[in-house]
Amino acid sequence: MMKIRIHRGARQIGGSITEIYTETTHIFIDFGSELSVDAEKSTDGAMIGMIRRAKCDAVLFTHYHGDHVGLIEHIPAKDIEGKTIRLAMGATARKVLENIHKTLRGSYGISEEQKRYHENYLGILRDKERSLEMTDGKDFTIGDLVITPVMVDHSAYDSYLFVIESMTDHKVIVHTGDFRTHGRLGEDLFEKVKKGIRGRNVDVLITEGTMMSRLTEVVKTEKEMQKEAYELLRLPENRYAFLICSSTNMESLASFANAAWEVKENGDKGRKFFVSSYVLEQLRLYRETAGKNDWDFKFYNANVLEGMDYVNPKLKMTQAEYMETHGFLMLIRPDAGYLRRIQYFKDKGYDPLLIYSMWEGYVNKEKYPDSYQEELGDLYHSWKKTRRVDLHTSGHATAGDIRRMILTVAPGFGILPIHTQDPEAFGTLEIGEFADRIITYEDNEEIELPE
């Protein structure tokens with residue numbers, strides 16, 4: 001008999017942990033840390049204790065965001081019965097995490113304890129005995145479960161939805177992970193889902209519902225955001241522009257890089273996009289994967305930041321002088337090196353533009369006190385309101401996307417909302433007979449599929 005236990009995620013965004021199991025096989029989907037929770041209230045410790053006492057054949061990671069993979073180092077090498085716990089993720093997702101931890105390991109001023117942490121993390125990612133690589137549309141088997149990973153669009157490239165079938169009783173569960181359709185990679189999502197299901201009757205749909213508590217939020221497509229960015233960057237007063245955006249949000253980085261590249265003046269091929277060596281490494285990875293057959297992700301105009309005082313022999317000037325002459329878009333974060341570059345242009349009397357392309361909760365202390373990031377907030381608020389622009393789009397499914405997912409999957413038994421603060425809002429969706437199949441549950445409650 002196939003069963004489901006959502007250990008965490010019934011009424012919160014981030015940190016969702018799902019267990020799907022039969023008499024002989026136990027798999028977990030995601031094992032991430034909580035978002036925006038006071039350390040004293042966090043249940044991360046309880047989840048770590050749970051996995052150390054659990055039967056577990058494998059943990060499948062939908063994508064590389066911290067609220068889905070953040071507790072990976074606490075997953076024991078072997079479960080309570082002595083079986084090796086496999087760690088499944090996409091090849092690109094694994095390399096993204098490797099790049100992050102290689103960079104952090106080599107950070108200036110890092111302590112020996114922090115260095116050991118990153119070394120340990122890299123060891124886990126590179127452990128061939130535990131690693132299981134997922135490929136879009138290619139089935140793999142864990143015990144008596146057959147899993148079909150379907151790549152979906154999200155603000156993390158190489159994200160997956162899972163179609164899971166029991167070979168014993170042929171029950172089928174679909175777990176969406178985080179998804180959306182308003183990115184370039186999401187335009188054919190539902191055809192891909194149908195292909196992944198392959199005509200099988202689905203019993204249960206477990207679907208994210210992040211945006212169900214933000215129904216009034218207007219969601220742009222990535223292409224619309226790129227067009228708006230271009231219109232901003234082409235204005236003479238915005239020749240010098242700084243960008244705050246996640247360094248692993250491949251689609252949005254592409255939107256801004258492409259918008260800059262479209263700005264051509266004084267015979268230039270296009271405005272350059274300046275990033276750190278770490279980000280350039282991530283962009284090269286995306287170029288080799290997503291960009292292999294798609295111009296949108298080529299990042300031709302990405303250039304690594306050089307020392308402020310270094311005279312580039314090819315340019316015969318410093319990079320800062322080149323930027324002053326040709327204009328630029330620069331990806332920044334709140335640390336001293338970037339603050340120095342920002343100040344360089346301010347000291348020269350320029351009034352550079354700031355584009356903020358992340359969730360507002362990180363910089364809005366009054367509205368989101370638990371999510372506010374002080375250093376990021378200080379950087380954001382150091383700009384005059386008239387010279388900063390919030391230009392962002394969500395990485396999550398809209399209510400319309402969720403409705404289409406339900407109608408596409410057509411679960412015969414139940415719909416389990418996950419990764420949401422408002423599961424009751426699912427009842428407002430126009431989904432006909434499927435409205436009666438929405439299951440309200442509590443964390444850690446066992447849900448058994450009918451025979």
Side-chain angles (χ1 to χ4, degrees), residues 1-12 14-35 37 41-89 93-94 97 120-121 123-125 127-134 140-147 149 160 162-169 171 173-177 204 206 208 416 418-419 439 441-449:
M1 183 61 66
M2 207 170 184
K3 299 178 182 179
I4 301 167
R5 189 186 301 274
I6 296 177
H7 292 271
R8 193 167 64 181
R11 290 183 178 275
Q12 71 180 63
S16 301
I17 298 172
T18 304
E19 182 180 5
I20 295 173
Y21 53 105
T22 65
E23 289 185 9
T24 60
T25 306
H26 290 247
I27 64 168
F28 285 74
I29 297 177
D30 289 334
F31 204 71
S33 50
E34 287 186 290
L35 292 171
V37 175
K41 298 177 183 177
S42 175
T43 59
D44 282 353
M47 294 299 101
I48 293 166
M50 176 274 295
I51 197 73
R52 289 174 177 171
R53 299 186 298 271
K55 296 178 183 179
C56 180
D57 295 88
V59 181
L60 282 53
F61 294 100
T62 57
H63 63 284
Y64 51 68
H65 282 157
D67 61 319
H68 293 259
V69 75
L71 298 179
I72 189 173
E73 72 271 21
H74 297 289
I75 300 171
K78 297 184 182 296
D79 77 347
I80 196 169
E81 295 183 337
K83 295 177 294 185
T84 297
I85 299 177
R86 306 292 299 280
L87 304 174
M89 64 181 72
R94 193 179 298 273
L97 288 171
N120 179 60
Y121 204 112
I124 292 168
L125 292 173
D127 187 334
K128 292 182 179 180
E129 184 181 359
R130 301 183 69 190
S131 295
L132 201 165
E133 187 173 302
M134 297 187 303
F140 62 96
T141 302
I142 302 290
D144 62 353
L145 298 177
V146 178
I147 296 114
Y160 289 92
F162 299 116
V163 182
I164 302 161
E165 180 179 6
S166 165
M167 289 188 284
T168 305
D169 57 15
K171 297 293 182 182
I173 296 169
V174 171
H175 188 299
T176 68
V204 173
I206 304 170
E208 76 126 309
L416 297 178
I418 194 175
H419 205 285
I439 298 173
Y441 66 96
E442 299 298 327
D443 284 346
N444 203 39
E445 180 180 341
E446 182 179 79
I447 299 163
E448 185 174 315
L449 276 63

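Since we're looking at a predicted model, the values are computed, not measured. Positions are given from 1, in the same order as the sequence printed here. The figures that follow rest on heavy atoms only: side chains count, while hydrogens, waters and symmetry mates do not.
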Return the minimal non-hydrogen interatomic distance between [X] and [Y], and the atom names on each side.
| X | Y | answer |
| --- | --- | --- |
| R130 | I124 | NH1-CG2, 4.3 Å |
| D44 | G32 | OD1-O, 4.3 Å |
| I142 | A58 | CD1-CB, 4.0 Å |
| N444 | R5 | O-NH1, 2.7 Å |
| C56 | I51 | SG-CD1, 4.4 Å |
| V69 | Y64 | CG1-O, 3.3 Å |

Please round to the nearest 0.5 Å and tell me the distance separating atom [atom1] of [X] and atom [atom2] of [Y].
| X | Y | atom1 | atom2 | answer |
| --- | --- | --- | --- | --- |
| I27 | I147 | CD1 | CD1 | 4.5 Å |
| D30 | H175 | CG | NE2 | 6.0 Å |
| H74 | I72 | NE2 | CD1 | 11.0 Å |
| E19 | E446 | CD | CD | 9.0 Å |
| T43 | I17 | OG1 | CD1 | 7.5 Å |
| R86 | D127 | CZ | CG | 9.5 Å |

Starting from the C-alpha separation in whole Å, work towards a yes-or-no answer on side chain to side chain contact (heavy atoms under 4.5 Å, CB included) for V204 and I447.
-> CA-CA 10 Å; V204 173; I447 299 163; 6.0 Å; no
Donor-acceptor pair, side chain of [X] and main chain of [Y], under 3.5 angstrom:
| X | Y | result |
| --- | --- | --- |
| D79 | K55 | no |
| T176 | E208 | yes |
| Q12 | G14 | yes |
| D144 | M167 | no |

Would you mind listing every salt bridge (charged side-chain N to carboxylate O under 4.0 Å, His left out) that reaches into residues 56-69, with sequence neighbours excluded?
-> D57-K83
Just wondering, more than 12 heavy atoms not from E23 lying within 6.0 Å of its CD?
-> no
Is atom CD of E81 surrounded by more than 12 heavy atoms (other residues, nucleotides or ligands) closer than 6.0 Å?
-> yes
State, with a plain yes or no, whether a side-chain heavy atom of T22 is found less than 4.5 Å away from one of T168.
-> no
Side-chain contact test, heavy atoms from C-beta onward, threshold under 4.5 Å: evaluate it for I206 versus I29 and give yes or no.
-> no
Give the C-alpha distance, both sets of side-chain angles, the deciding distance and a yes or no for side chain to side chain contact (heavy atoms under 4.5 Å, CB included) between L97 and Y121.
-> CA-CA 9 Å; L97 288 171; Y121 204 112; 4.3 Å; yes
Please identify each residue that fulfils side chain to side chain donor-acceptor pair (under 3.5 Å) with R94, with sequence neighbours left out.
-> S131
Over 60° means perpendicular and under 30° means parallel, so classify the ring planes of H63 and H68, tilted if in between.
-> tilted
Assign the ring pair F162 / Y160 to parallel, tilted or perpendicular, where the plane angle (0 to 90°) is split at 30° and 60°.
-> parallel
